[in-house]
Amino acid sequence: MTTGAIILAAGQGKRMRSTLPKVLHPACDLPLVAHVVALAKDVGCAPIVVVVDPVNGKRVETTLRGLFPDTQLTFAVQEKPMGTGDAVRSGLGHVKADRVLVLYGDVPLLTKTTLDKLEPALEGVELAMLTARLPDPTGYGRVVRQSDTKMRIVEHKDASAQERAVDEVNVGVYLCPLKLMQDTVASLKADNAQGEYYLTDVVARAASVRTVEVADVDEMRGINTQMELAEVDAIMRRRLVRTHQEKGVRFRDPATVYLTPRVAIGDDVVIGPGVQFFGAVTLGDRVVVEGPTVLKDISIGADTRIESFCHLESAKVGTSVKIGPFARLRPGAELAQDVHIGNFVEVKNSKVAKGSKANHLAYLGDADIGAGANIGAGTITCNYDGVAKHRTTIGDGVFVGSNSTLVAPVTLGEQSYVAAGSTITKDVPADALAFGRARQESRPGHAKALRERQALAKAKAKKE
Ligand code: UD1
Ligand code: CA
């Protein structure tokens with residue numbers, strides 16, 4: 001038995017007051033609709049059909065294809081927003097599967113645990129659906145039961161006072177044979193209070209129905225406003241924190257940590273307050289990250305320690321590395337084992353080999369740095385000449401004295417030594433000592449003579 005998913009994601013979401021289509025707003029750094037696609041994948045749906053509107057469709061498609069390059073995704077355009085039934089009708093032709101599962105691009109908190117209950121519930125009936133009991137069911141479709149397995153959904157606007165008193169509501173998630181859904185959408189009528197084609201008609205049409213109540217009503221939260229988005233984001237974040245805590249991760253102040261679903265954390269890891277994860281992040285065993293720090297699309301090897309106030313992005317960090325406080329890694333930074341990157345050091349598109357150190361105030365851009373090198377405070381690779389970027393190559397065991405500027409392209413041979421304050425414009429051979437600055441001259445007694453002249457001039461000025 002195969003199951004295809006239809007995800008309804010048409011509409012701008014005007015109440016978000018944003019030019020970004022509603023389903024592309026992020027919760028935990030991933031677009032709302034991406035959470036739903038990931039869930040559909042998780043429960044084994046293929047294909048996954050996303051119903052979009054003509055205005056935002058391309059943008060939604062581009063985003064999802066970028067995030068799920070290997071997933072069987074199809075996009076269907078609903079020309080006009082004529083109701084949930086019409087939306088499903090727009091996409092159903094693409095569902096080549098035995099059964100169909102309906103989901104919503106703006107309802108991202110549903111869990112696999114809940115959805116997995118639908119399949120066994122379908123045993124012996126024509127339709128399985130999610131319901132919830134709400135203290136205040138206002139606005140939702142109500143479940144009106146004729147018997148245990150025969151029922152229909154009445155939308156709030158169409159409901160009688162008696163029906164409005166029902167607290168069992170429709171979540172909108174259905175699993176049924178494709179045939180039943182095809183027959184339903186083929187015969188929909190918009191003869192209701194809203195003049196819409198209601199997908200809920202599928203429930204009355206099914207000969208028998210079994211309901212599954214969501215364990216937690218938060219799962220059915222949809223998003224229409226920035227306030228609702230922030231609430232959903234917070235719930236999602238708490239869930240992610242809990243998942244990692246269950247695997248032994250220690251968060252010193254969980255409420256202040258920002259997580260995304262694409263984070264993998266090893267054993268005995270400690271995360272300080274205010275650490276923010278974005279994109280895909282991997283932390284090896286025994287890593288310590290002091291907060292506040294930003295980690296974006298980065299992998300960090302075991303036993304590495306990151307001090308506070310670091311901004312680390314699109315980089316690869318080896319094992320037992322020390323970073324920060326106040327360090328910055330930019331795209332293409334690769335640090336091997338035992339490297340030290342200290343305060344106010346920026347590394348971009350550079351490889352730093354085992355055991356090398358840049359502990360203070362440096363810019364290492366477009367550089368290849370060998371093993372065991374020492375990069376002095378204030379070292380700058382001048383990688384950009386105003387037109388093009390050039391590389392700096394620093395061999396194993398090189399010592400670069402403080403406040404040196406290395407004008408790329410340039411190579412410092414193995415075990416060479418650059419005197420402090422040098423401007424290096426030519427390659428330095430291995431084992432050489434390079435000076436790139438004016439030779440120092442000391443004039444005996446000149447300072448004393450200068451002071452005496454100044455004192456005389458001051459005394460004279462006072463008299464006059
Ligand atoms: C729907 C259900 C209701 C249920 C509630 C749960 C129907 C008729 N009613 O009502 O029983 O209690 O969900 O939240 O299905 N959409 C489209 N195209 C459209 C219309 C809607 O893509 O033409 C998408 C929307 O983007 C939205 C979703 O479908 O994400 C739900 O549509 P909405 O009109 O909000 O349905 P509800 O009134 O919430
Ligand atoms: Ca809704």
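Numbering of ligands and ligand atoms starts at 1, following listing order. FYI, the numbering just counts along the sequence from 1.
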> Would you say Ala10 and ligand 1 have an N/O pair spaced under 3.5 Å apart?
Replying inline: yes
Look at ligand 1 and say whether [X] reaches it with a heavy atom at a distance under 4.0 Å.
X      : answer
Asp106 : yes
Val169 : no
Val171 : yes

>> Tell me the contacting part of Val51 for ligand 1: side chain, backbone, both, or neither, using a 4.0 Å heavy-atom threshold, strictly below.
In response: neither
Nearest heavy atom to [atom] wins, so pick from [options].
atom                    : options                       : answer
atom 3 (C) of ligand 1  : Lys80, His156, Glu155, Gln194 : Glu155
atom 36 (O) of ligand 1 : Thr84, Val154, Val50          : Thr84
atom 20 (C) of ligand 1 : Gly83, Gly139, Ala87          : Gly83
atom 17 (C) of ligand 1 : Gln78, Met220, Met82          : Gln78

[atom2] on [Y] to [atom1] on [X], rounded to 0.5 Å:
X      : Y      : atom1 : atom2 : result
Leu312 : Lys296 : CG    : NZ    : 12.5 Å
Leu103 : Ile7   : CG    : CD1   : 5.5 Å
Ile235 : Asp218 : CD1   : CG    : 3.5 Å
Glu196 : Thr84  : CD    : OG1   : 7.0 Å

Identify, by atom number and element, the atoms of ligand 1 in contact range of [X], meaning under 4.0 Å from any of its heavy atoms.
X      : value
Pro81  : 23 (O)
Leu8   : 22 (O), 24 (C), 29 (O)
Gly141 : 3 (C), 4 (C), 11 (O), 12 (O)
Tyr104 : 28 (C), 29 (O), 31 (C)
Tyr198 : 8 (C)

>> Under the rule for side chain to side chain donor-acceptor pair (under 3.5 Å), what residues qualify as partners of Thr19, not counting sequence neighbours?
In response: none
> Between Arg142 and Tyr198, is NZ or CZ placed under 6.0 angstrom from the six-membered ring centre and within 45° of the ring axis?
Replying inline: no
>> Could you check whether Arg237 makes a cation-pi contact with Tyr258, meaning its NZ or CZ is under 6.0 Å from the centre of the six-membered ring and within 45° of the ring axis?
In response: no
Compile the donor-acceptor pairs under 3.5 Å between side chains in residues 315-334 and protein atoms, sequence neighbours left out, one pair per line.
{"residue": "Arg330", "atom": "NH1", "partner": "Glu346", "partner atom": "OE2", "Å": "2.5"}

> Just by modelled atom types, is the Cys176 backbone N or O under 3.5 Å from a matching donor or acceptor in the Arg99 side chain?
Replying inline: no
